[in-house]
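To start, the structure under review is shown below, and the notes come after it.
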Amino acid sequence: MLIICPLCNRELIPGPSIDEHHLIPRSKLKNNNTVTIHTICHQKIHSIFTESELARSYNTIELLLTHPEIQKFVNWVKKRDPEYHDSSKFHSSRRRKKR
């Protein structure tokens with residue numbers, strides 16, 4: 001059975017290239033729904049948004065896809081192999097936000 005990432009629409013292949021994303025971060029709401037997405041998609045989401053932003057404004061795949069940085073990322077990553085993943089845990093944009 002073919003399983004598709006709801007963010008980038010690429011095939012999900014079991015292994016290190018997939019992850020579970022809490023639509024509302026666990027720190028904001030315990031035991032909520034998750035979606036299975038690529039690890040690189042998950043990393044990108046958390047590199048752009050704070051947990052408060054995710055809980056308040058981007059708590060569905062549809063809402064995430066409205067953000068220009070996510071749209072740009074999806075256009076880039078959809079050309080990559082389904083098992084492609086970035087070796088860095090988080091991108092520099094997230095680190096700058098925390099300062």
Side-chain angles (χ1 to χ4, degrees):
M1 180 176 167
L2 186 67
I3 303 171
I4 301 296
C5 177
L7 194 72
C8 70
N9 289 313
R10 294 179 300 141
E11 181 181 2
L12 289 166
I13 298 172
S17 66
I18 65 171
D19 224 345
E20 292 294 318
H21 171 64
H22 287 84
L23 293 171
I24 299 174
R26 288 181 294 189
S27 65
K28 303 295 179 186
L29 179 66
K30 303 291 184 208
N31 298 321
N32 67 59
N33 294 334
T34 62
V35 291
T36 303
I37 61 176
H38 289 103
T39 302
I40 193 169
C41 296
H42 196 203
Q43 290 171 348
K44 186 62 176 181
I45 290 167
H46 287 285
S47 75
I48 296 172
F49 305 108
T50 65
E51 290 188 351
S52 294
E53 289 171 325
L54 287 170
R56 181 181 58 247
S57 303
Y58 295 99
N59 52 34
T60 67
I61 293 296
E62 292 78 16
L63 290 170
L64 287 167
L65 288 169
T66 66
H67 193 278
E69 282 190 62
I70 294 294
Q71 291 172 359
K72 183 178 175 181
F73 168 77
V74 167
N75 285 332
W76 173 81
V77 82
K78 70 182 179 185
K79 300 171 190 155
R80 305 296 181 268
D81 184 85
E83 293 184 283
Y84 175 83
H85 66 279
D86 191 353
S87 60
S88 63
K89 177 91 174 144
F90 291 102
H91 299 278
S92 60
S93 62
R94 171 89 187 253
R95 285 187 284 248
R96 280 192 296 260
K97 266 187 173 182
K98 287 186 167 186
R99 291 186 181 169

## Note on the structure
Value for CD1 (Ile37) from CD1 (Ile4), rounded to nearest 0.5 Å, stands at 14.0 Å
### SG on Cys5 to CG on Asp19, rounded to 0.5 Å
10.5 Å
### Query
For Gln71, which residues count as a side chain to side chain contact (heavy atoms under 4.5 Å, CB included) partner, sequence neighbours excluded?
none
### Query
Which other residues belong to the hydrophobic cluster containing Ile3, where Ile, Leu, Val, Met, Phe, Trp and Tyr are joined when side-chain heavy atoms lie under 4.5 Å apart, directly or via other members?
Leu12, Ile18
### Task
Could you pull out all residues at least two apart from Ser57 that satisfy side chain to side chain donor-acceptor pair (under 3.5 Å)?
none
### Query
Could you state the interatomic distance from NZ (Lys44) to CD1 (Ile40), rounded to the nearest 0.5 Å?
9.0 Å
### Task
Would you give the length of the straight line joining atom NE2 of His67 to atom CD of Glu53, rounded to the nearest 0.5 angstrom?
7.5 Å
### Task
Could you tell me which non-hydrogen atom of Pro6 sits nearest to which non-hydrogen atom of Ile61, and how far apart they are?
O-CG2, 3.4 Å
### Message
Tell me every residue that passes side chain to side chain contact (heavy atoms under 4.5 Å, CB included) with Glu20, counting only those two or more places apart in sequence or in another chain.
### Response
Thr34, Thr36
### Summary
With sequence neighbours left out, the residues meeting side chain to side chain donor-acceptor pair (under 3.5 Å) with Asn59 are none
### Query
What residues form a side chain to side chain contact (heavy atoms under 4.5 Å, CB included) with Ser17, not counting sequence neighbours?
Glu83
### Query
Would you say the side chain of Phe73 lies within less than 4.5 Å of the side chain of Cys8, judging by non-hydrogen atoms?
no
## Note on the structure
Scanning both residues in full, the closest heavy-atom pair of Leu7 with Leu64 reads CD1-CB, 4.2 Å
### With Asn9 via side chain to side chain donor-acceptor pair (under 3.5 Å) - residues at least two apart
none
### Message
According to side chain to side chain contact (heavy atoms under 4.5 Å, CB included), who are the partners of Ser52, at least two apart in sequence or on a separate chain?
### Response
Lys28, Thr50, Arg56
